[in-house]
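The chain is numbered in sequence order, starting from 1.
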Amino acid sequence: MSAQPDHTPVAPYAPAPGAPAELLAQLRADRRAERWVPAFEGEWAAALEESRRSFSLNTLYEVVHVWQARLASASAVDTFVASGHDETGFMDMAELRGRRRR
């Protein structure tokens, strides 16, 4: 018998305990802080509430993973946008992730 419920997806890895605070510090230092910090804080608050309701940390882990990926890819995205390449016809990653979960 497994200790994990079969209906809850398991996060690929658990972030370090201080990862959310470190991530928030990095977001505050970024030039996009005005938009990104409130967005992260909103997603974190919603994930925290979900975690309290479900007794699972997966939602919190997912928020950290997504924002770490956004921060890590920001310079590549900036370079792409600055290059003038046409991005019409591309799919939103949030939509793609939603499809994968179903």
Side-chain angles (χ1 to χ4, degrees):
M1 189 158 126
S2 173
Q4 293 289 330
D6 60 353
H7 63 279
T8 304
V10 178
Y13 69 90
E22 292 172 14
L23 183 57
L24 185 55
Q26 291 174 340
L27 292 172
R28 285 181 175 145
D30 193 272
R31 68 178 180 81
R32 302 165 192 86
E34 187 177 305
R35 289 180 321 219
W36 279 15
V37 170
F40 172 77
E41 289 174 340
E43 288 181 28
W44 183 256
L48 192 57
E49 187 56 39
E50 172 65 20
S51 178
R52 287 181 183 133
R53 187 190 62 72
S54 67
F55 298 100
S56 172
L57 298 175
N58 285 335
T59 309
L60 294 169
Y61 293 169
E62 185 176 302
V63 169
V64 171
H65 292 230
V66 166
W67 279 96
Q68 285 173 335
R70 282 182 184 146
L71 201 54
S73 63
S75 63
V77 171
D78 289 343
T79 302
F80 177 80
V81 170
S83 71
H85 285 93
D86 180 19
E87 60 181 270
T88 57
F90 285 90
M91 182 176 267
D92 181 18
M93 288 303 292
E95 181 182 338
L96 192 60
R97 281 192 300 273
R99 286 184 183 180
R100 189 175 65 202
R101 286 188 196 139
R102 293 179 189 160

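- Looking at heavy atoms from C-beta onward, Arg70 lies out of side-chain contact with Asp30 at the 4.5 angstrom threshold.
- Put simply, CD on Glu49 and OG1 on Thr59 are 11.0 Å apart, with the number rounded to the nearest 0.5 Å.
- The line from CZ of Arg35 to CG of Leu27 is 11.5 Å long, rounded to the nearest 0.5 Å.
- Leu71 approaches Gln26 most closely through the heavy-atom pair CD2-OE1, 3.1 Å.
- Taking both residues in full, the closest heavy atoms of Ser51 and Ser56 are given as OG-O, 2.9 Å, listed atom of the first, atom of the second, then distance.
- When all heavy atoms of Leu23 and Val64 are compared, the pair lying nearest together is CD2-O, 3.8 Å.
- Distance CD/Glu43 to CG/Leu60: 12.0 Å, rounded to 0.5 Å.
- At least one side-chain heavy atom of Val63 sits less than 4.5 Å from a side-chain heavy atom of Phe40.
- No side-chain heavy atom of Glu62 sits less than 4.5 Å from a side-chain heavy atom of His65.
- Of all the heavy atoms in Pro17 and Pro20, the pair that sits closest is O-CD, 3.6 Å.
- Note that CG of Asp78 and CZ of Arg32 are 4.0 Å apart. Values are rounded to the nearest 0.5 Å.
- Residue Arg28 forms a salt bridge (Lys or Arg N to Asp or Glu O under 4.0 Å) with just one option from Glu41, Glu34, Glu22, and that option is Glu41.
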